[in-house]
Amino acid sequence: MLNTFQQERHAMLPETTHDESSRQEFVKSFKQYVQNKMLPNLHPAYSAQVAEFEKEHNRLPKDRREIRSIMVNDPAFRTYASANRVSQELQWESVLTSIERQLPELNAKAKELSAASGAELLIDPDFETPRYITSLDIHCMPGGYAGEVCEDDVSTGALYDRGVYLYAMGYMGPHNDDLGRSVGNYIKRNLAGFTPTKILDMGCTVGHSTLPFKEAFPEAEVTGIDVAAPQLRYAHARAQAMGAEVSFQQRDAAHTGYEDNSFDLIVSHILLHETSGKAMPQIFKECHRILKPGGVMIHADLPPFDHSDLFSEFILDNETYYNNEPFWGPMRDMDQIQLAINAGFAADQVSFDQAPMAILEFAAAQEKGYEEEAVAAVADREFEAGEFAPGGGWEVLIAHKSNEAGGNS
Ligand SMILES: C[S@@+](CC[C@H](N)C(=O)[O-])C[C@H]1O[C@@H](n2cnc3c(N)ncnc32)[C@H](O)[C@@H]1O
C-alpha cells in the first residue's frame, strides 16, 4: 500500500508499543485496501444491477434509495460493506488499547500542559450536551465524543486524534489538519484584504482544523468551541504541546452565549453532518447573529447529494446505514443555501465553492517540510466515491454578512 504521511508526534499523542503500532499500521493498510481496491471493484456489479433494473422497469433507478434496494443483496457490495464496517471497528479498537494502558498519565499530562497555557480552557460544569451527541457512539467510536470514564478525562480526545489519522489513512497530513489549512489558504487567496482578528471554529474536536487559523492569522484571537469536554481538554493540551495559543470553550454552536457581532470569521469543518435537522438551521442563525457586519461564515463539509452522481450518493449514504451517522444522508438533502438565507444572509452573498486540498499544493507542502514522497502519494491517488474530498478539494459553503447588518437576536 502507499505509504502516506505518518502522524507527527506531540506530547499528548498516546505512546504505542511495537505491537500496537503494527496493529494500527495494519488497520491503515486494510482501510486503503477497502477504499482503493474493493470499492472500485463494485462498478461492474453496480452496472449489472442497474442493467437488470432497467430491463425490468423500462427506466433507470431514480435515486440513491432505489440503488440501495437493488444493491443491498449483491454479494460484491455485501463483502465490501462488511469489510468497511470491520475496518472502522478495528480502527478504534487498535487505538483504544494504547489509551487504556496509559490513561492516568495522559490525563495528568493534559492538566499539566493546560496549566502552562496562556489561553483559556472553559469547561462548563452545567453544560447540557445535545441528545444527538450522547444518544449514540457516533461513527462507531466507543464513548462517542463526550463519553467520560473518570475525572478530567481526555480519553475520547486521544482516541479521536489517532483514530482520525487512521480513518483518513494519512491523507490529511502529519497533523490531520488539511481541512483547516485548506480553508485558511482559500480565504487568503479569495478574500483579498480580509484579515480577521477574531476567529471562531465551531465543532473543533481536538483542534486539528483550528490551529492552522492561528498559523494563517497569527495576530488573531482564535477560539475553538465544542460540546464535548474530553475533546476540549485534549485540544487545549495538544495546542500547548504544539506551541499554539488558542482558546477552547465548551459551548453549543446553536446557542453560543456570545454577544451579537463578536467575530470576523466563523468556520466549521465536518461539523454540520454530525448535528441534527433542528440544530443545523439554528447554527446558521447563530453564525449570522454573532458575526460582525462584513464578517464571513465558512462551513466545510461533504458536498450536497445533488453535486454528485448516483453511485457516489449511494456509497456516501452507507455512513448513514452502517456507521452510526444518522444525519449524514438527511443533511445532504437539506438546502443549505436556503438555510443561510433564512438565517439572515443575503441570497447573493451565499454560495458553494471548492477549497483545494492544501497537501496537494506542492510549494506550500514543501515549505511545511512535508516529505515529497508522501505528497506525491496523495497527488497520484484517484479519489473514489465516498471520500471527503472528491476531486482533491473540500466543499465549502461560504456566506458574507452584509456591512449594514446588526445581530438578529
Ligand atoms: C467530525 S467532528 C469535527 C472535526 C473537527 N472540526 C476537525 O476538523 O478536526 C464533529 C464535532 O462537532 C462537535 N459538535 C456537534 N454538535 C455540536 C454543536 N452543536 N456545537 C459545538 N460542537 C458540536 C462534536 O462534539 C465533534 O467534536
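Quantities reported herein were computed from a predicted structural model and do not represent experimental measurements. Atoms within each ligand, like the ligands themselves, are counted from 1 in listed order.
Close contacts of ligand 1 with E274, meaning ligand atoms under 4.0 Å from a residue heavy atom, involve 1 (C), 2 (S), 10 (C). Applying the 4.0 Å criterion to heavy atoms of H269 picks out, from ligand 1, the atoms 3 (C), 4 (C), 5 (C), 6 (N), 8 (O). Which parts of ligand 1 touch D252 is read off a 4.0 Å heavy-atom cut-off, strictly below it: atoms 18 (C), 19 (N), 20 (N). Which parts of ligand 1 touch Y160 is read off a 4.0 Å heavy-atom cut-off, strictly below it: atoms 1 (C), 2 (S), 4 (C). Below 4.0 Å from some heavy atom of H208 lie the following atoms of ligand 1, by number and element: 9 (O).
Not a single heavy atom of M202 sits closer than 4.0 Å to an atom of ligand 1. Between H273 and ligand 1 there is no heavy-atom distance shorter than 4.0 Å. The closest approach between a heavy atom of C204 and any atom of ligand 1 is below 4.0 Å.
For the residues D226, V206, V267, the heavy atom positioned nearest atom 25 (O) of ligand 1 is part of D226. The closest non-hydrogen atom to atom 6 (N) of ligand 1, taken over G203, S209, S276, A279, comes from G203.
Ring pair Y234/Y160: centre-to-centre distance not below 6.0 Å.
In this structure, Q102 contributes its side chain and S98 its backbone to a donor-acceptor pair below 3.5 Å.
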